[in-house]
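Since the structure comes first, as structure tokens, the remarks are kept for the end.
A quick note: this is a predicted structure, and the numbers were derived from the prediction, not measured.
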Amino acid sequence: MLEARHLRVLRAVAATGSFSAAGRELGCTQPAVSQQMKALEASVGTPLLVRTSRGMRLTQAGEALVRHAGTILAGLTAAEEEVAAIAGLRAGRVRLTSFPSGSSTLVPPALAALRAAHPGTRVSLEEAEPPRSVELLREGDCDVALAFRYEDASSAEEWDDLVVRPLLTDRLVGLVPEGHRLARAKAVAIGELADEPWIAGCPRCRGQLVRVCESAGFTPRIDFATDGYPAVVGLVGAGLGVAVLPQLAIESVRPRGVRTVALEPAVRREVVALTLPDLAQVPAVAATLEELVRAGAR
């Protein structure tokens with residue numbers, strides 16, 4: 001196994017022609033140079049230097065090693081500088097995955113703050129709903145995943161192997177057309193909407209809607225289903241039905257022709273940023289998590 005310190009000593013001996021001169025150049029003693037050269041020759045298994053009346057002479061193996069030493073040491077120096085830049089947040093890359101309403105509300109201010117503080121750190125963004133976003137994290141295809149789970153979910157243990165940074169608690173709200181009979185109500189029991197046509201969102205939100213309605217004693221008649229929050233708002237605004245959306249989703253679109261009403265009993269979801277334990281120690285990932293936490297607290 002070659003060691004960088006041994007290669008540096010070999011180059012100094014080759015350049016100066018003696019152990020004592022190499023020691024002066026490197027700031028160490030002649031015996032220390034001799035000891036390191038012996039260690040290097042033992043490592044490669046062949047003599048590298050021959051003593052002559054004119055000083056030290058490289059063997060053929062020594063010449064070959066000196067020829068490669070420059071490239072090896074330059075590569076190590078470049079690697080050290082790159083790692084130091086990443087550790088000091090002068091460089092680095094973070095792959096972020098987020099669900100759409102998080103992408104439009106939490107991610108922009110977090111990444112803007114991260115870029116202002118650490119302009120050398122690059123962040124890429126891909127959208128995916130949980131549980132797919134969490135799968136991407138575990139599969140190594142992203143470094144940070146924004147995800148959510150509902151308070152009454154039975155899978156509270158699904159993140160036990162991950163680092164979980166809570167961002168906010170997001171409350172679900174009812175969405176009705178402006179002219180709806182309940183448009184002026186401050187709060188609505190979800191059972192009051194039992195006979196309405198429903199517009200459902202993403203598959204996970206759709207499943208949560210069905211569970212909440214069934215707990216109130218009815219099964220919703222879902223006329224439309226779409227993964228796009230603007231489409232949900234547009235369909236409700238056109239008077240085609242009612243919907244339940246997270247408050248975060250309402251903030252990410254311009255609700256026209258609709259009214260939001262509080263739901264009773266309250267239905268909430270926990271929004272978090274997730275990463276793997278080892279990745280949490282990476283400076284760029286840690287900085288991204290901190291900015292997401294700040295964005296969630298605003």
Worksheet item: Do V13 and I72 share a hydrophobic cluster (ILVMFWY, side-chain heavy atoms under 4.5 Å, transitive)?
Response: yes
Item to complete: Report yes if some heavy atom in the side chain of I222 is under 4.5 Å from a heavy atom in the side chain of I199; otherwise report no.
Response: no
Item to complete: Could you tell me whether the side chain of L182 reaches within less than 4.5 Å of the side chain of V261, counting heavy atoms only?
Response: no
Worksheet item: Checking H118 side chain against G120 main chain: does a donor-acceptor pair fall under 3.5 Å?
Response: no
Worksheet item: Between atom CZ of R269 and atom CG of L168, what is the distance when rounded to the nearest 0.5 Å?
Response: 8.5 Å
Worksheet item: Can R204 be said to sit on top of Y150's aromatic six-ring, NZ or CZ under 6.0 Å from centre and within 45° of the ring axis?
Response: no
Worksheet item: With a 4.5 Å heavy-atom cut-off, do V232 and T226 have their side chains touching?
Response: yes
Worksheet item: Taking the side chain as C-beta and beyond, is there a heavy-atom pair between T288 and L292 under 4.5 Å?
Response: yes
Worksheet entry | Which atom of C142 lies closest to which atom of S133, heavy atoms considered | SG-O, 4.2 Å
Worksheet item: Can you tell me how far CZ of R298 sits from CG of L106, rounded to the nearest 0.5 angstrom?
Response: 9.5 Å
Practice prompt. State whether the side chain of D223 and the backbone N or O of W198 hold a donor-acceptor pair below 3.5 Å, judged by distance alone.
Written response: no
Practice prompt. Assess whether salt bridge (charged side-chain N to carboxylate O under 4.0 Å, His left out) is satisfied between E291 and R294, documenting all intermediate values.
Written response: CA-CA 5 Å; E291 294 301 344; R294 290 190 182 97; 3.2 Å; yes
Worksheet, complete the sentence: Closest non-hydrogen atoms of A287 and L89, given as atom of the first, atom of the second and distance, are CB-CD1, 4.1 Å
Fill in: Distance in Å, C202 SG paired with D227 CG, rounded so as to fall on 0.5 Å steps
6.5 Å
Discussion item. For L146 versus S98, what's the shortest heavy-atom pair and its separation?
Written reply: CD2-OG, 3.6 Å
Response to the item:
Nearest heavy-atom approach of L167 to A273 is CG-N, 3.8 Å
Item to complete: Is it possible for you to say whether L73 and V44 belong to one hydrophobic cluster, with membership spreading through side-chain heavy-atom contacts below 4.5 Å?
Response: yes
Discussion item. Hydrophobic clusters here meaning ILVMFWY residues chained together by side-chain heavy-atom distances under 4.5 Å, can you tell me if V163 and L274 are in one?
Written reply: no
Worksheet item: Given L245 and L172, is the side chain to side chain contact (heavy atoms under 4.5 Å, CB included) satisfied, shown in steps?
Response: CA-CA 5 Å; L245 287 180; L172 270 62; over 6 Å; no
Worksheet item: Does E192 use its side chain to pair, donor to acceptor, with the backbone of A189 at less than 3.5 Å?
Response: yes
Fill in: Listed partners of R132 passing salt bridge (Lys or Arg N to Asp or Glu O under 4.0 Å), at least two apart
E135, E139
Response to the item:
d(R5 CZ, L7 CG) to nearest 0.5 Å is 11.0 Å
Worksheet item: Any chain of hydrophobic side-chain contacts (each under 4.5 Å) joining L96 to V272?
Response: yes
Discussion item. Check for me, please, whether V293 and L279 land in the same ILVMFWY cluster - side-chain distances under 4.5 Å, paths through other members count.
Written reply: yes
Worksheet item: Hey, are the side chains of L137 and T97 touching, using non-hydrogen atoms and a 4.5 Å cut-off?
Response: no
Worksheet item: Got a donor-acceptor contact below 3.5 angstrom from the D170 side chain to the P246 backbone?
Response: no
Worksheet item: Looking only at atom types and distance, does a side-chain atom of R171 sit under 3.5 Å from a main-chain N or O of L263, one as donor and one as acceptor?
Response: yes
Worksheet item: Does the side chain to side chain contact (heavy atoms under 4.5 Å, CB included) test come out yes or no for V173 and I250, once each step is laid out?
Response: CA-CA 9 Å; V173 295; I250 302 297; 3.9 Å; yes
Item to complete: State which residues pass ring pair (Phe, Tyr, Trp, His ring centres under 6.0 Å) with F99; sequence neighbours excluded, sorted by chain then number.
Response: F148
Worksheet item: Does the side chain of L2 come within less than 4.5 Å of L65's, by heavy atoms?
Response: yes
Practice prompt. Apply the test side-chain hydrogen bond (donor to acceptor under 3.5 Å, both in side chains) to residues S103 and E127: give CA-CA distance (whole Å), side-chain angles for both, the deciding distance (0.1 Å), then the verdict.
Written response: CA-CA 7 Å; S103 298; E127 286 195 339; 3.0 Å; yes
Fill in: Close side-chain approach of R51 to M56, heavy-atom, < 4.5 Å
yes
Discussion item. Between E270 and T169, do the side chains contain a donor N or O and an acceptor N or O under 3.5 Å apart?
Written reply: no
Practice prompt. Looking only at non-hydrogen atoms, find the nearest pair between P100 and E129 and report the distance.
Written response: CD-OE2, 3.2 Å
Worksheet item: Say you draw a straight line from CD of E25 to OG1 of T16; how long is it, rounded to the nearest 0.5 Å?
Response: 6.0 Å
Practice prompt. Mind checking the CG-CZ spacing from L289 to R165? Nearest 0.5 Å is all I need.
Written response: 6.0 Å
Discussion item. If I compare all heavy atoms of T59 with all of L49, which pair ends up nearest, and what's the gap?
Written reply: CG2-N, 3.9 Å
Practice prompt. Would you confirm whether E196, through its side chain, and V242, through its main-chain N or O, come within 3.5 Å as a donor-acceptor pair?
Written response: no
Item to complete: Quick one: do L162 and T275 satisfy side chain to side chain contact (heavy atoms under 4.5 Å, CB included)? Show the steps, please.
Response: CA-CA 6 Å; L162 303 174; T275 192; over 6 Å; no
Worksheet item: Is L10 close to L58 at the side-chain level, that is, under 4.5 Å between some pair of heavy atoms?
Response: yes
Item to complete: Start with the C-alpha distance between R184 and R259, add both sets of side-chain angles, then the distance that settles side chain to side chain contact (heavy atoms under 4.5 Å, CB included), and finish with yes or no.
Response: CA-CA 8 Å; R184 305 294 176 183; R259 293 279 182 158; 2.6 Å; yes
Worksheet item: Counting only N and O atoms by type, is there a donor-acceptor contact under 3.5 Å from the side chain of R138 to the main-chain atoms of L276?
Response: no
Fill in: L26: partners by side-chain contact (heavy atoms from CB on, under 4.5 Å), with sequence neighbours left out
V9, A12, C28
